[in-house]
Amino acid sequence: MQNISINENHTWNSPLSLEGNSLLPWPLDVLPDPFMTYVKELARSTETPIELSALLTLAVVSTAAQAKYEVQVKTDYIEPINLWILGILPPASRKSRIYSDVTSPLRKWECEQKLLMEPLIASAGSKRKTMEARLKELRIRAAKAKESEYAKIQAEIEQIECNLPEVPQCPQIWTSDVTPEHLGCIMAANQESMAILSDEGGIFDILGGLYSDGKANIDLFLQAHSAGSVRVDRGSRAPVFMERAVLTMGLTAQPQVVKTICNNKVFRGRGLLGRFLYILPKSNIGKRTLDELPMLAEHKMAYENVMQAILSHPIPMKDKQPSLHRLKLSQEAFNKWLEYSKLVEALMGDEIGHLSHITDWAGKLAGAIARIAGLLHVMRHAYGQPEKRLISLEDMNAAVKIGHFLINHALAVFDLLDEDNAKVIARTILHWIKNEKKNQFTQRECMRRFRRYKKADLRPAFDILKEHEILKEFEIYSENGLGRGSGLFEVNPFILKT
């Protein structure tokens, strides 16, 4: 576009930021090796944000460990070790590739368990069918038997029923899509634990009532975040009783999907959204080289081996019933946790705080820090016995760094959910200005560039840009001074220098 001289003297002030709080990068070296090396290499080779690989890897470790460990913060305060992760990314961010890679050890473990269990399942199934056939025959005889013979046949029936073998099931530790009703069934059959790992946000449609006439069904999810007991006894289904239901979630969704979720008053009002740890990674789309070297096989193998080790940790037994290993904090780790928890508490108060508007989320952060520290401890001692060691100050410091990162991203996510459409469009125009290095442009030019927006949508966005000292608007007249053309916007020169 040809520059148009403007016969008006004016000066510029420093522009105000449209971006809100700048997003913190993922804190490097908080995960023990080989996990940190794997996460870095996965992010590099796929040209994806490292936050996505890191948090989903934590969700995978949580999946493997949640039925075996819990964290004792104080003698009267226990935290489970499961996490709920929600990453917010635009389409084409290669989410499916990351999910496929990080969940590979889980798929391999389930396949190996299936191969081990198939002979036992076949044997138990065969014996049960034979005994059931025998029961059927005995019941027919009992119905026709004389009174003197009936008691003997009934006793044999009862003895066989007492000795019917249970047919074992292949263990399942994760799924990508499930209804709340079926989730309870598969959790009860799998050590009362399950994980939902998915690169789409479809589970929120199900929770919102996709299969239940629009009625939200989130009770089990809320209970399973905090390892609560579950009692579901409905006439149409078999009852589900669990003493310690525990659920991990590792999800990603597009920004618009998350906004729709947050418009659900039940989700926000009952605390569902406050249980997620959010990440809002900066997108790499448009800047990828498409020519990165693949990850070395040794890094992937090291990750899969250490995950196999965690998956192979035995579930402790107490009085012939599944139990839990209790991970305890060192005194230094507890002091650090308490210091950070008090800081978060202060930030939720009216006097200091910038967390006062998201207390439903921030109120659970201290517990999340303890959970993350427990996971880091399990990762560090994957080839040993984590329960024999105290959670160290090193791992608690790392968990606190991750917590600081999560606060920053949670604030950005909740701000994103609350902001209006005009600010989103204003930010889009600003990115265009920077990428095209425009020092001035006309309204008509902008409308041609953003055909998806109506003129009525662009006008409020221009007003926001002017209020933030990013643009100044001028009228353009024809050479003879008659008639008014398209408005001209001049860009604050400071913008092109940043």
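In what follows, every heavy atom counts, from backbone to side chain, and hydrogens, waters and symmetry copies are set aside.
Ring centroids of Phe276 and Phe221 are separated by 6.0 Å or more, keeping the two rings apart. In this structure, the ring of Trp361 has its center no less than 6.0 angstrom from the ring center of Phe414.
The two residues Gly363 and Met348 make their nearest non-hydrogen contact at N-SD, 3.5 Å. When all heavy atoms of Pro281 and Glu51 are compared, the closest pair comes out as CB-OE1, 4.1 Å.
Of the possible donor and acceptor atoms, one in the side chain of Tyr278 sits under 3.5 Å from a partner among the backbone N and O of Leu273. A donor-acceptor pair under 3.5 Å links the side-chain atoms of Tyr303 to the main chain of Val102, judged by distance alone. Here the side chain of Thr57 pairs a donor or acceptor atom with the backbone of Ser53 at under 3.5 angstrom. No side-chain donor-acceptor contact under 3.5 Å links His325 to the backbone of Lys68. For Asn82 (side chain) and His225 (main-chain N/O), a donor-acceptor pair under 3.5 Å exists by modelled atom type. Side-chain atoms of Asn190 never come within 3.5 Å of backbone atoms of Pro171 as a donor-acceptor pair (strictly under, hydrogens ignored). Checked by atom type and distance alone, the side chain of Ser229 never pairs as donor or acceptor with a backbone atom of Met242 at under 3.5 Å. Of the possible donor and acceptor atoms, one in the side chain of Ser62 sits under 3.5 Å from a partner among the backbone N and O of Leu83. A donor-acceptor contact shorter than 3.5 Å is absent between the side chain of Glu70 and the backbone of Leu324. Listed for the Trp109 side chain is no donor-acceptor partner under 3.5 Å among the backbone atoms of Gln308.
The pair Arg244-Glu192 does not count as a salt bridge, with every side-chain nitrogen at least 4.0 angstrom from each carboxylate oxygen. Salt-bridge formation is detected for the pair Arg44/Glu292: a Lys NZ or Arg NE/NH1/NH2 atom is positioned less than 4.0 Å from an Asp or Glu carboxylate oxygen. We find that Arg275 and Asp360 are not joined by a salt bridge, their nearest charged nitrogen and carboxylate oxygen being 4.0 Å or further apart.
Annotation for Arg459: atom CZ counts as buried by contact number, over 12 foreign heavy atoms lying within 6.0 Å.
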Output, in order, the C-alpha distance, side-chain angles, deciding distance and verdict of salt bridge (charged side-chain N to carboxylate O under 4.0 Å, His left out) for Glu243 and Arg231. CA-CA 9 Å; Glu243 291 302 318; Arg231 297 289 186 271; 2.4 Å; yes
Run Asp33 and Arg380 through salt bridge (charged side-chain N to carboxylate O under 4.0 Å, His left out) and show every step you take. CA-CA 8 Å; Asp33 267 331; Arg380 187 176 302 281; over 6 Å; no
Chi angles and distances behind the side chain to side chain contact (heavy atoms under 4.5 Å, CB included) call for Cys446, Ile429: CA-CA 8 Å; Cys446 188; Ile429 295 172; 4.1 Å; yes
Show, in sequence, the C-alpha distance, side-chain angles and deciding distance for Val30 and Phe405, and conclude whether the side chain to side chain contact (heavy atoms under 4.5 Å, CB included) test is met. CA-CA 11 Å; Val30 288; Phe405 164 87; over 6 Å; no
With salt bridge (charged side-chain N to carboxylate O under 4.0 Å, His left out) as the test, would you mind laying out the steps for Lys95 and Glu200 before giving the verdict? CA-CA 9 Å; Lys95 300 184 292 291; Glu200 300 294 342; 5.5 Å; no
Where do Lys300 and Glu41 land on the salt bridge (charged side-chain N to carboxylate O under 4.0 Å, His left out) test, with the steps shown first? CA-CA 9 Å; Lys300 186 171 185 177; Glu41 282 299 294; over 6 Å; no
Derivation and outcome, side-chain hydrogen bond (donor to acceptor under 3.5 Å, both in side chains), residues Thr252 and Asp199: CA-CA 5 Å; Thr252 54; Asp199 59 350; 5.7 Å; no
Taking it one step at a time, do Met379 and Leu58 satisfy side chain to side chain contact (heavy atoms under 4.5 Å, CB included)? CA-CA 9 Å; Met379 295 159 75; Leu58 276 177; 3.8 Å; yes
Where do Ser100 and Arg107 land on the side chain to side chain contact (heavy atoms under 4.5 Å, CB included) test, with the steps shown first? CA-CA 9 Å; Ser100 178; Arg107 297 195 305 274; 3.9 Å; yes
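Ile391 places none of its side-chain heavy atoms less than 4.5 Å from the side chain of Ser330. Using a 4.5 Å cut-off on side-chain heavy atoms (C-beta onward), Leu251 and Trp84 make no contact. Looking at Ile310 and Tyr69, their side chains never come closer than 4.5 Å, going by heavy atoms from C-beta outward. Between Gln443 and Lys455 there is a side-chain heavy-atom pair separated by less than 4.5 Å. Counting only heavy atoms from C-beta outward, the side chains of Leu28 and Lys40 approach each other to under 4.5 Å. Contact check for Pro180 versus Leu207: side-chain heavy atoms found under the 4.5 Å cut-off. Taking the side chain as every heavy atom from C-beta outward, Lys114 and Glu110 never approach each other to under 4.5 Å. Put simply, the side chain of Ile369 reaches to within 4.5 Å of the side chain of Tyr340, judged on heavy atoms.
With respect to Val60, the side-chain contact (heavy atoms from CB on, under 4.5 Å) criterion is satisfied by exactly one of Thr248, Leu311, Leu106: Leu106.
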